[in-house]
Amino acid sequence: MKILVVGSGGREHALVWKINQSPRVEKIYCAPGNAGIEKMAKCVDIGATDIDKLLEFALAKKIDLTVVGPEASLVEGIVDRFEENGLRIFGPSKAASILEGSKVFTKEFLAKYNIPTAEFKVFTTSSKAKAYIKKCGAPIVVKADGLAAGKGVIVASTIEEANEAVDMILKDKAFGSAGNTILVEACLKGEEASFIAFTDGKTVLPLPSSQDHKAIFENDKGPNTGGMGAYSPAPIVTPEISKYVMEKVMLPTVQGMASEGRPFKGMLYAGLMIDGDSINVLEFNCRFGDPEAQPLLMRLKTDIVDILDAAIDGKLDSIALEVDPRPTVCVVLAAGGYPGEYRKGLPIRGLKKAAKVPGVMVFHAGTANKDGDTVSNGGRVLGVTAIGDDLKNAIDASYRAVDCIEWEGCYCRRDIGAKAMKRFQKDAKKPLVGILMGSDSDLPVMKAAADFFKEMGISYEMTVASAHRTPEKAMNYARSAQERGLKIIIAGAGMAAHLAGVISSHTDLPVIGIPLDASPLQGMDALLATVQMPPGIPVATMAIGKAGAKNGAVLAARILALENPEIASRLVAFRENMVQEVEEKAKRVEEC
């Protein structure tokens, strides 16, 4: 296949990088591309919104698939023009791209289809907007209706700041015609997250969660930018929230757009504000986020060309996404002065050294080649992206690579991923697994489970409760476990081994039973007793003794990993270590 990628930023470099991994691809073109992209694709000197020239090029080169990166091209109608000429192209039509092209349309659409969002009013005159702001008070949000490269949203902490934002947009035309109409909306509290999915107009196939960092300075201070960094997954998006967003936001949006006669095919990106159980839509984008695309595509293992083809053909329900469980982090290196005025053409040093940091890919955004050197050519210049066994390792790797790179005035935020780390550290203090045993004499065996949890960084609690001697304690432990935050209980007991069954009958959590050697039958009695639970009282059963205790912990970790990418990535490393240990043993035997 011959593929054309439209755009020149970090998102497009990440797309080219991922597309280049497909065995189906013969040649990649990128228009206009950048200094990093040209190392794996043929860059073509055509602007991303010059649709006539892009169409002419695609027809001349007999391009099999075009992938559109920037929103401006989509809002201009590139998909419609290409399809009218019989070309396959991935992205929403001009009519569907209005979800990003007009914030007024989107807010009215959200209200019409009962999709949760902040209260708002629409204005075309500054006097009425200011009167409304005075009535509502601050903090309050002022938005330009049209496209403003991610900078047309002003979160005003005072009424004076809000009035200045109104004048800047409506009177001073800071964003041109994009500011002919403005939105004034309630300022929502909470933590932002990005929920991005492929859709063919019927099926919605979500990528892992991610979180962007819009503000220029640490701790989300200063003016908004196009994005100073991102990471995936975002722990603020729990499995329960993900399910809610699919049911209450993504699917209703796709169905609503179809009802409006604007069927949506492409990337659907919901910017969310999450505050406990309150989830609201801040905005929609009609393309991959930038910089979210970089960490997300690094985690994607499924052939992206297969996904894009299926979306175009309305067959996305045939695709199952395979995602690397390890977290990824992207730190954006920006030009000094961005998002205001900044210099271009400055030589960038250290790119080769940064690329040697394990797990790192340096995606180019605003770069160009000048006399054989890579130079800065935009506000956001590079997206240094890393994958790690856990979030901390990914963050550390990304910043190690960042510290290799320099040019005059370059700048980055040093707190990318910090919110997630705080959440992980807070969650790490809460026990996820309860280890229960009938007697303290069982501790040497059950410690094998505890040791494995320590190795995996999984919090646990451990106590003694007897099914026979302290039945009330055992029942209360089981009944209160879920409320206390436990996800799984491991119960070890010998002889009749009633403890696991008693626990299972008083909780809906998974229970893993560990048979212990406590009789002349060497644990076989406990094994059989644990296996033979009555219908409706399930207990997973392990081997007898320490091996069973460790395997019980491994099974518990695998269950937890279904919802916790950090644990999932540690299990990957654990499995790789086992393989290495076996290979080392084999080597020692072979040397004898």
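Both backbone and side-chain heavy atoms feed into the values below; hydrogens, waters and symmetry mates do not.
In this structure, the side chains of Phe195 and Met246 come closer than 4.5 Å at one or more pairs of heavy atoms. Taking the side chain as every heavy atom from C-beta outward, Tyr231 and Ile395 never approach each other to under 4.5 Å. Looking at Arg413 and Val331, their side chains never come closer than 4.5 Å, going by heavy atoms from C-beta outward. By the 4.5 Å heavy-atom criterion applied to side chains, Leu300 and Ile307 are counted as neighbours. A 4.5 Å side-chain heavy-atom check between Leu207 and Phe288 finds at least one atom pair inside the cut-off. Within the 4.5 Å cutoff, the side chain of Ile89 has heavy atoms near those of the Val68 side chain. Between Met421 and Lys392, the closest side-chain pair of non-hydrogen atoms falls below 4.5 Å. Within the 4.5 Å cutoff, the side chain of Leu443 has heavy atoms near those of the Met437 side chain.
Counting all heavy atoms, side chain and backbone alike, Gly10 lies closest to Asp290 at N-OD2, 3.6 Å. Taking each heavy atom of Ser232 and Ser209 in turn, the nearest pair found is OG-O, 2.7 Å. Smallest separation of non-hydrogen atoms from Ala449 and Ile435: CB-CD1, 4.1 Å. In plain terms, the two heavy atoms of Ala386 and Ser398 that are nearest each other are CB-N, 3.6 Å. Taking each heavy atom of Ser210 and Leu296 in turn, the nearest pair found is OG-CD1, 4.0 Å. Counting all heavy atoms, side chain and backbone alike, Pro565 lies closest to Arg299 at CB-NH2, 4.4 Å.
Checked by atom type, the side-chain pair Tyr113/Glu108 shows no donor-acceptor distance below 3.5 Å.
Although no hydrogens or angles enter the test, the distance criterion places no donor-acceptor pair under 3.5 Å between the side chain of Arg287 and the main chain of Gly69. Side-chain atoms of Gln294 never come within 3.5 Å of backbone atoms of Cys330 as a donor-acceptor pair (strictly under, hydrogens ignored). Distance alone, capped at 3.5 Å, places no donor-acceptor pair between the His506 side chain and the Arg479 backbone. One N or O on the side chain of Thr470 and one on the backbone of Ser466 form a donor-acceptor pair closer than 3.5 Å. Proximity of a side-chain donor or acceptor of Lys473 to a complementary backbone N or O of Val464 within less than 3.5 Å is detected. Here the side chain of Asn476 pairs a donor or acceptor atom with the backbone of Glu472 at under 3.5 angstrom. For Asp415 (side chain) and Asn219 (main-chain N/O), a donor-acceptor pair under 3.5 Å exists by modelled atom type. In this structure, the side chain of Thr253 does not engage the main chain of Leu251 through any donor-acceptor pair within 3.5 Å. Although no hydrogens or angles enter the test, the distance criterion places a donor-acceptor pair under 3.5 Å between the side chain of Ser459 and the main chain of Lys430.
Leu562 is linked by a side chain to side chain contact (heavy atoms under 4.5 Å, CB included) to nothing, counting only residues two or more places apart in sequence or in another chain. Partners of Arg570 by side chain to side chain contact (heavy atoms under 4.5 Å, CB included), not counting sequence neighbours, listed by chain and number: Asp390, Met456, Glu566, Ile567. In this view, Ser441 and Ser439 satisfy the side-chain hydrogen bond (donor to acceptor under 3.5 Å, both in side chains) rule, not counting sequence neighbours. With sequence neighbours excluded, the residues satisfying side chain to side chain contact (heavy atoms under 4.5 Å, CB included) with Ser22 are Arg24, Val25, Asp303, Val305. Looking at residues two or more places apart in sequence or on another chain, you find a side chain to side chain contact (heavy atoms under 4.5 Å, CB included) between Ile537 and Ser504, Ser505, Pro534. Residues meeting the side-chain hydrogen bond (donor to acceptor under 3.5 Å, both in side chains) test with Thr238, sequence neighbours left out: Glu240. Applying the side-chain hydrogen bond (donor to acceptor under 3.5 Å, both in side chains) criterion to Asp525, with sequence neighbours excluded, gives Ser519. Listed by chain and residue number, Asp451 satisfy the side-chain hydrogen bond (donor to acceptor under 3.5 Å, both in side chains) test with Lys447 (two or more places apart in sequence, or in another chain).
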Please report the C-alpha distance between Ile512 and Leu555 in whole Å, then the side-chain angles of each, then the deciding distance to 0.1 Å, and finally whether the side chain to side chain contact (heavy atoms under 4.5 Å, CB included) criterion is met.
-> CA-CA 9 Å; Ile512 301 172; Leu555 177 59; 3.9 Å; yes

Check against side chain to side chain contact (heavy atoms under 4.5 Å, CB included), Ile236 and Arg423 = CA-CA 8 Å; Ile236 185 72; Arg423 187 172 294 275; 3.0 Å; yes

Show the numbers, then the answer: is there a salt bridge (Lys or Arg N to Asp or Glu O under 4.0 Å) between Lys107 and Glu185?
-> CA-CA 10 Å; Lys107 293 292 286 191; Glu185 66 178 39; 3.0 Å; yes

Tabulate below the donor-acceptor pairs under 3.5 Å that side-chain atoms of residues 482-503 make, not counting sequence neighbours, or state none.
unit_1	atom_1	unit_2	atom_2	d
Arg484	NE	Ser480	O	3.4
Arg484	NE	Ser480	OG	3.0
Arg484	NH1	Glu461	OE1	3.4
Arg484	NH1	Glu461	OE2	2.8
Arg484	NH2	Tyr477	O	3.4
His498	ND1	His468	NE2	2.7

Side-chain atoms of residues 264-285: list all donor-acceptor pairs with protein atoms under 3.5 Å, sequence neighbours left out, distances to 0.1 Å.
unit_1	atom_1	unit_2	atom_2	d
Lys265	NZ	Ile312	O	2.7
Tyr269	OH	Ser194	OG	3.1
Tyr269	OH	Glu292	OE2	2.4
Ser278	OG	Asn280	ND2	3.2
Asn280	OD1	Thr117	N	3.1

Residues 579-586 side chain polar contacts: donor-acceptor under 3.5 Å, at least two apart:
unit_1	atom_1	unit_2	atom_2	d
Gln580	NE2	Glu584	OE2	3.4

Could you tabulate the donor-acceptor pairs under 3.5 Å formed by side-chain atoms of residues 313-328, not counting sequence neighbours?
unit_1	atom_1	unit_2	atom_2	d
Asp313	OD1	Arg88	NH1	2.9
Asp313	OD1	Arg88	NH2	3.3
Asp313	OD2	Arg88	NH2	3.3
Ser318	OG	Lys315	O	2.6
Asp324	OD1	Arg326	N	2.9
Asp324	OD1	Arg326	NE	3.1
Asp324	OD2	Arg326	NE	3.3
Asp324	OD2	Arg326	NH2	2.8
Thr328	OG1	Pro295	O	2.8

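More than 12 heavy-atom neighbours from other residues, nucleotides or ligands sit within 6.0 angstrom of NZ on Lys419. Within a 6.0 Å radius of CD in Gln21, other residues, nucleotides and ligands contribute more than 12 heavy atoms. Other residues, nucleotides and ligands contribute only 12 or fewer heavy atoms inside 6.0 Å of the CZ atom of Arg558.
Using bins of under 30°, 30° to 60° and over 60° for the plane-to-plane angle, the ring pair Phe109/Phe105 lands in the parallel bin. Between Phe90 and Phe198, the ring planes lie tilted relative to each other; the angle falls in the 30° to 60° range.
A distance of 10.5 Å separates CG of Leu509 from CD1 of Ile559, quoted to the nearest 0.5 Å.
At a threshold of 4.0 Å, the pair Lys546-Asp517 does not count as salt-bridged, since none of the basic side-chain nitrogens sits closer than that to a carboxylate oxygen. Residues Lys214 and Glu192 are not paired through a salt bridge, judged by the lack of any N-O separation under 4.0 Å between the basic side chain and the carboxylate.
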